[in-house]
Structure formats: C-alpha cells, structure tokens
Number of protein chains: 2
Amino acid sequence: MHRGLTIGDFSRITHLSVRTLRRYHEAGLLEPEEVDPYTGYRYYSTAQVPTAQVIRRFRELGMPLREIREVLATADPDARAALIGRHLARLEDELDRTRAAVTSLRRLLEPAVPPIEVELRVEPTTTVAAVRATIDLKEANAWYGGAMEEIDRALHTAGLTPSGPPGGLYGNELFTEERGDAVVFVPVADPPAAGRVHPFVIPAAELAVTVHRGPHDDIDVSYGALGTYVTEHTLAVAGPVRENYLVGPRDTDNPDAWRTEIGWPVFRTTG
Amino acid sequence: MHRGLTIGDFSRITHLSVRTLRRYHEAGLLEPEEVDPYTGYRYYSTAQVPTAQVIRRFRELGMPLREIREVLATADPDARAALIGRHLARLEDELDRTRAAVTSLRRLLEPAVPPIEVELRVEPTTTVAAVRATIDLKEANAWYGGAMEEIDRALHTAGLTPSGPPGGLYGNELFTEERGDAVVFVPVADPPAAGRVHPFVIPAAELAVTVHRGPHDDIDVSYGALGTYVTEHTLAVAGPVRENYLVGPRDTDNPDAWRTEIGWPVFRTTG
DNA sequence: GTCAGGGCTCCCCCAGGGGGAGGGTCAAAG
DNA sequence: CTTTGACCCTCCCCCTGGGGGAGCCCTGAC
C-alpha cells in the first residue's frame, strides 16, 4: 500500500525535526495527510511541504504557534495580510526596544557616569490646561503626542501663552501595574476647556527633583536615583510623579539635548 | 532596627517585579544586601539599584541570566567588553535571520509563485580542486568564503583556468544533524595541491536537478521541491547533495541575480 | 523469518517568568 | 499593647517551543 511520506522523510525534506513535526500535529498546525488508526503512524504528502516551509518562516520570525495556525486558517488574503502585518509591527517594536537598550546600556557602562543630583524643593500650586486618561504604559508615548497636540490647539485657539514648559503627572500604579492614570498638561494662567482639554490645578507639594538628560530610554536610571535619594533621606512618596519637559521633542530633534525634570512628591516620615 | 529596602520597595524603584527579584536572587545574579535568617526577608540597599538597572538592560537585550552573572562577575573591563560584544554580535545575527525570514516569507506568500522545475540528468565524472572539512551548518557560510578564496589563489598560482562554475558537496547529515562533511570545489582539468586545496574526483551520478534563483534565504524551498520530485518519482537519494554556483556572490553583488544549481544523486527504487 | 531502523507514547528538562495557595511578619493605628 | 492590613515567605503548577531518553511496536529489505 502506497502511503505518503513518513515523518522521518518529511522531516528531512522540510528541515523540521521529527519532534517539532509531532508538536505541530498536536497543536493543529500541520495535520498529517493520514494517520494510521492502528499504529498511530503519521503520513505526510508532498503537497504539505510548502505549508511546512511557510510555518518555518513564521517561526523564524518568532510568531507563536497559535497565530501561525490562525494565519493558515485564514483564507481571506486581506485578513491574512492584517495578521502578518500585526506581527511585523511587533517585530519592529521589539527592534526599537533592542536599539534603545543597546544605547542605554552603552551609557550605563561608560566609565564616567556623572552622579545624578537630586534636590528637595517646594513647588507652589499651578493652574494648567490638561488632558487626563487611564492608559497602558506601552501606549503612553502615542497618547502623549496626541494629547499635547490637542492642548496646543486649544491654547492657540484661545490665544493663550504657556507660562512654563509642558509636563505630565503619572500615577505610581502605572509603573507597577503597567496601567494607570496619566495627565499631560501645559501651565497657563487661565486654562481653556475644549474637547478633552480641561482646566486643572496641580496642588503645591514638596518635591524631590532631578533633571534627566538625554532620551527617555534610560529614564529609569534617574527614577532609580530619586528612589535612592528618597529612601536615604527617610522620606516617603505621596501622590503621582511629575515630569516637566524642559527641553523635549517639541524643542529639538536631537534626543541627547532633551532635559526632563522629574519630581516625586514626598513627605517626611518618622523613619 | 534600620534595615535596607524591602523587596517591594526595591521592586518599585527598579521596575523589576518581586518575583523576578526573587528569581535573580536564586540565580545568584543579584543577592540582597541582607537576608533575615529567621524570616527569610530580603533587604536590598540603594547601592544595588544601578546593578539592577544594568541587569534590566541586559535582559531587554535577551541576554541569558547565566551570561549576565558572568558579565557582572568580570571585573576586567576588556573581558567584560568581550562578553558584551559577543552577545551584541549574536543580536546582529538574529537580526539578519529575521530580515532574511521576512523577505523570504514575502516571496513565499506572493500569489504568483512559479512552480519549480526539476529535471533528471546524468552527470559525468569531474576532476576538481577542492577543500573539504567537517563543519557546523551555522558556520558554513564563513567557511565557504575562506575555502573558495584559497582555491582561487591555488589556481592563480598554478596558472590554471576553471573549466566550470564553482560548487559544493554537502553530506545529508549536515541538514539533519546540523554538522557534517562539506566539500567546496572548482572544476579544473589538472587540479593543483596547495595548503588545504587538494585534487578530488566527483563521481558520475544520475542527478535530480533544479536551479534556485535569488539569495539563499529560501533555498530550502528548492530543496523541498527536489524532495517532492524525488519521492513522487519513487527515487531515493544516494550520496551528498551537489550545488553549483552558476551565478554567485563572486559574479554579482545583487543576490536576486544568483543562480544556484542543486543536484541530488538519485537511484530508482522498486517503489 | 529476521532484524535494524524508525515509528509511537510518555515523562522529565530548559529559560524566564506568571498565578495563586497557605502561612508568617511588620508597622501604623486604635 | 493589640489589632489589622499590607507585605513577605516558600512551594507548586502553568506557559511556550522545543530537546533527551525510556520502553515498546511496526515496516520493509534481505
């Protein structure tokens, strides 16, 4: 009786290991053309070779088996392209993160890392034009851009001039739960209301403040310095973190020139 | 009693999860400054924050914990740079593979994939100047370049002209075990011997032959077509695979113009 | 009929975590 | 000084995408 290729033959043709082929069978990714009901032997057909090779490519791209199965099950070319595009976008993201980590690592390992200076300062109440939302940490950058644009438009429409650099308030849970409240604002004496933009009052507070220099890839280092300062001075953190974009993407295209003031509201403990 | 930061405090400062910190402790990557022998409570110091951040960067680069520990334990800056450089090289490799997979995937998913033509042909005995070695599949490309260069020099020194395009012989175990015998050769009437270069006779054989067009990123597709052809014509493979580089990197910088002839020595089975 | 090579299932292992159970501790508030 | 709630501990199972190996059955060429 002439059956298809044994799993070993198929393995040699596709360069997928026998184990991997069995796993793909189990996962419903690549069902053998025929399975002998008595012996359990898997038999593949030569027509399945191209499918196996497509799977191999997707795996080389790190696509999870679930998604590969989804892609293969999707007949509609548009939907298929969308699934693939989504994964390619993820790859891009990952690449960006890798790039950021490389540059930031280089900076961290440089012998002459200047110590980060932290100072304690009392900030008065400020009125601002703000947009607030609950966001995921991942989408923070995109959200920030849109919100800032909207505030700019609102100020422009109202003919108002900012009284200081833009900034943001970030709830601490954003950093522990990857999701939380965020406010982006521009200080202005008499804030307008338009669309998502609303007047907002930032309360006075005692702040532990430092200035982060350069792109935000390694901003956690400055956060770490603040953490060190706060604990060493037996202070505690109260309320959302403040960032002031002294020099930011609106001012220069060179991220190395960016200056970000980070302020942690603190209070003294009996420690 | 004033002890260091609890694991929760340290987690908030470094943005590493509590679980992850415990794992790093267990792995000897980041030992807490103090561990209470009675309660098992871990206490960290603010001086450990920078270390934690360096670890975070390495992890974002996908460096295994073992290697991070190694890097942190290495005091000598040169040795340290070497370790890091090795990992960055691996990242580059991975990036190349990803790029290759993307282009190859695009090709595979293009609607108009021309069917691959396979023909059966008898190849006569050929004398060649060859370099042979047992290699890993991964290092095949680098090895190939060096060997080919050596053959070129030997022919040039001896004042000989190749009688055909260069080629290679690859034992089947190379593709199943990732390691095996390989021969790279240039056909020539009267082969010289110099260094690793030796005369060699490629035996006559009946070949199933196809021509692969373009870069080698998706050469396994052509191999798959050969596999399909061979099994559908109830043939069997005997001996190492042959590749002839009709148009290769020596001829053009445009990989899309490459032409690689792949020949599988076959014999008829009773099927 | 024999026998090697190859197929089958099942279980354990890896990294680098996440989730949760069950129980002990710490520190601020009453 | 006790309570209480937040925090910490260990231990176990889960995930993905495989690899290694044990123990047993099947196939096919001679």
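Just so it is clear: chains get the letters A, B, ... in the order the sequence lines come, proteins before strands, and each one is counted from 1. Worth knowing before you read on, the calculation uses all heavy atoms, side chains too, and leaves out hydrogens, waters and symmetry mates. Treat the numbers as computed from the prediction; the structure is a model and nothing was measured.
Following rounding to the nearest Å, B:E34 (CD) and D:dC8 (P) show an atom-to-atom distance of 15 Å. Here D:dC8 presents its P atom at 13 Å from CZ of B:F10, a figure rounded to the nearest Å. For the pair A:R23 CZ and C:dC8 P, the computed distance is 15 Å after rounding to whole Å. A:E67 places its CD atom 12 Å from the P atom of D:dT16, with the value rounded to the nearest Å. B:D9 places its CG atom 15 Å from the C1' atom of C:dT25, with the value rounded to the nearest Å. Atom-to-atom, CZ of B:R66 to C1' of C:dC14 comes out at 10 Å; the value is rounded to the nearest Å. Rounded to whole angstrom, the span from the CG atom of A:L30 across to the C1' atom of D:dG17 amounts to 16 Å. Whole-Å rounding puts the A:H25 NE2 to C:dC10 P distance at 13 Å.
One finds a side-chain N or O of B:T6 lying less than 4.0 angstrom from the OP1 or OP2 phosphate oxygen of D:dC8. Regarding contacts with the backbone of C:dG18, a side-chain N or O of B:T20 is found under 4.0 angstrom from either OP1 or OP2. The phosphate of C:dC8 (OP1 or OP2) has a side-chain N or O of A:R42 nearer than 4.0 angstrom. Considering only side-chain N and O atoms, A:R22 lies nowhere under 4.0 angstrom from the phosphate OP1 or OP2 of C:dT9. A sub-4.0 Å separation between OP1 or OP2 of D:dT16 and a side-chain N or O of A:R59 is absent. For C:dG19, the OP1/OP2 oxygens have no side-chain nitrogen or oxygen of B:R19 closer than 4.0 Å. For C:dG24, neither phosphate oxygen OP1 nor OP2 lies less than 4.0 angstrom from any side-chain nitrogen or oxygen of B:Y41.
A salt bridge between B:D217 and B:R106 is absent, with no side-chain N of the basic residue lying under 4.0 Å from a carboxylate O of the acidic one. A salt bridge does not link B:D93 to B:R90: none of the charged side-chain nitrogens sits closer than 4.0 Å to a carboxylate oxygen.
B:R56 and B:H15 form no side-chain donor-acceptor contact under 3.5 Å, judged by distance and modelled atom types alone.
Between A:T39 and B:M63, the one whose closest nucleotide on DNA chain C sits nearer the 5' end is A:T39. Both A:D36 and B:V18 sit near DNA chain D, but only B:V18 has its closest nucleotide nearer the 5' end.
Among the heavy atoms of the strands, none lies under 4.0 Å from A:Y43. At the heavy-atom level, B:Y38 lies nowhere under 4.0 Å from the strands shown.
The environment of CZ in B:R80 is crowded: more than 12 heavy-atom neighbours from other residues, nucleotides or ligands sit within 6.0 Å.
Heavy-atom minimum distance, A:W143 versus A:R132: CZ2-C, 4.1 Å.
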